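Just so you know, these numbers come straight off a predicted model, no measurement behind them.
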Protein chains: 2
Amino acid sequence: MDTSSVLDLNQLRRSCASCALHELCLPAGIDGEDLKRLDATIRDKRTLDRGEALFRQGGQFHALYVVRSGSLRTFVEDASGNSQVLGFHLPGELVGVDALANDHHASQAEALERSSICELPYEHLNHLLAQMPSLQRQLMRVVSREVAAEHQHMVVMGRQPAQERMAIFLRSLSDRFARLHRDGSTLNLSMSRYDIASYLGLAVETVSRLFTRMEEAGILEVSRKAVTILRPDLLEAMCSSPRTGSKKGGAL
Amino acid sequence: MDTSSVLDLNQLRRSCASCALHELCLPAGIDGEDLKRLDATIRDKRTLDRGEALFRQGGQFHALYVVRSGSLRTFVEDASGNSQVLGFHLPGELVGVDALANDHHASQAEALERSSICELPYEHLNHLLAQMPSLQRQLMRVVSREVAAEHQHMVVMGRQPAQERMAIFLRSLSDRFARLHRDGSTLNLSMSRYDIASYLGLAVETVSRLFTRMEEAGILEVSRKAVTILRPDLLEAMCSSPRTGSKKGGAL
DNA sequence: CCGTGGCCTTGACCGACGTCAATCCGGTTG
DNA sequence: CAACCGGATTGACGTCGGTCAAGGCCACGG
């Protein structure tokens, strides 16, 4: 596959060193010779079209993936075909970790738009991890970050009313856009309202209503998938329920 | 046991090799010399009393922990002092992973009963990981299992009605008890109803009502913290909402 | 022995949000 | 262009489960 000289479209990428995501991605903090070796194990996955699956639930595990451009959604389907969206993944983010446990993907990943993906074959990666403690450390850090983010999401699902969920969701998206050096106030929601609803544990109708209500309140401008945050301050305020304070001195 | 003769209460443990949890725990699949080296890095944490904290949110990270006996709860507290329970941890289970991301604990862990804990100082562990690929693999597997479990919990929080949540919670506890070679049908709930409610995203009152309802239905026998599963089949059936079927052929 | 305090249970009420259903909008196809 | 279709919006209505409030139970300490 690789040894030969005819690299058709692989030309486009190659080398984490020159990648804009370098510092946000798995290779953060890895330099020089080590980076070259990491680079060498990364294989391009063909670009995914909107709706195309990166891996399927129950499928054999053989690699971890990092989003290079575009975006993914991960979700699980229960026995009755109901699906729950677990998360949305922007460039630089790692997916596929839940498959390491038993060599089979426990969830499913799908492109929300045309996306390109870096593939890290696990066997190769393992060799590298054994030889590069720094990479090992960094991988654990990335996974840990993911776990912490999921914990945050549990707080949202467990305790927050609908409006706060939406606000927190939008803030989180905005923050992640900003970290990618994009404009954090003009969001392009690549996912459907259904996806958002599922992710937040709400009904689509509720999501829709909240968008309009937040637009009426002058916080957002919503046009289909393009959302502009007009009043970040109000959005921020909306993230914590006003009525949920400590017993005494809540208002101080 | 071996080296010296004056080991006060360390006598009680030492050596993963002789630990009943061996195969369920981090050292699963690690043998011989490697196991000895892992063993050497594990430091006993003093036993925790009920309510005592293992680590606090925001605290400096320096070790991962494995429950040896007893049980823990992990939770996060938001700005207003509200707390969300993230999980309950039985013997053999790893806690503290969410702190690797930025060297500070993002959550808090507390003993639900008198518990003993194995402490894995992260610096030591890191050295070992660099030298033992098998341990590195196993650690990733354990963490991956944790991630997958959290995904399952998101399905519960996102889509399931109260009764299903309770049933799934009890089934999961039962399964985990059974894996520890305990009787999976006589549960000892070391956590309070408040903890259960928080974990499941319900009100305490709802949890209470569900216990009585399930007792009336002959599924459980509930006496304070002692819960006996009388009809595992009915409990199992209760785990998936009856009205949630695929569009065609649901009943077949 | 009784009182005190946490946890748990039970009941009555009500509101946020899910469900159902109609409509709209934008993009795609013939 | 019209027809169509999936996604999104909007409104009307019902309900699950949260909230509030009043006890009950058990363990503890005086």
key: Phosphate OP1/OP2 of dC8(C): any Lys225(B) side-chain N/O under 4.0 Å   =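 Lys225(B) to dC8(C) OP1/OP2: side-chain N or O found under 4.0 Å.
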ask   = Using a cut-off of less than 4.0 Å, is there contact between a side-chain N or O of Ser208(B) and OP1 or OP2 of dC8(C)?
value =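 False: Ser208(B) side-chain N/O out of range (4.0 Å or more) of dC8(C) OP1/OP2.
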Over how many whole Å does the gap from [X] atom [atom1] to [N] atom [atom2] extend?
X	N	atom1	atom2	result
Met166(A)	dA8(D)	CE	C1'	13 Å
Arg209(A)	dC20(C)	CZ	P	13 Å
Gln163(B)	dT15(D)	CD	P	17 Å
Glu215(A)	dT10(D)	CD	C1'	14 Å
Arg159(A)	dA16(C)	CZ	P	17 Å
Gln160(B)	dG17(D)	CD	C1'	15 Å
Leu200(B)	dC16(D)	CG	C1'	16 Å
Arg224(B)	dT9(C)	CZ	P	7 Å

note = Closest heavy-atom pair, His62(A) versus Glu119(A), reported as atoms and distance to 0.1 Å, is CE1-OE2, 3.5 Å
query = Which atom pair, heavy atoms only, marks the closest approach of Ala203(B) to Ala197(B)?
reply = C-CB, 3.8 Å
query = Starting at the 5' end of DNA chain C, which residue's closest nucleotide do you reach first, Arg50(B) or Gly201(A)?
reply =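 By nearest-heavy-atom nucleotide position, the 5'-most residue is Arg50(B).
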Which nucleotide in the set [options] lies at the smallest distance from any side-chain heavy atom of [X]?
X	options	answer
Tyr194(B)	dC7(C), dG17(D), dC17(C)	dC7(C)
Thr212(B)	dG18(C), dC8(C), dT9(C)	dT9(C)
Arg193(A)	dA8(D), dT10(D), dG18(C)	dA8(D)
Glu205(A)	dC8(C), dG11(D), dG18(D)	dG11(D)
Ala162(B)	dA8(D), dG17(D), dC7(C)	dG17(D)

ask   = Does the separation of the ring centres of Phe61(A) and Phe55(A) fall below 6.0 angstrom?
value = no
ask   = Centres of the Tyr199(B) and His153(B) rings: under 6.0 Å?
value =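 Here the rings of His153(B) and Tyr199(B) have centres that are less than 6.0 Å from each other.
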query = Can you tell me how far the CZ atom of Arg165(B) sits from the CD1 atom of Ile196(B), to the nearest 0.5 Å?
reply =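 These two atoms lie 14.0 Å from each other.
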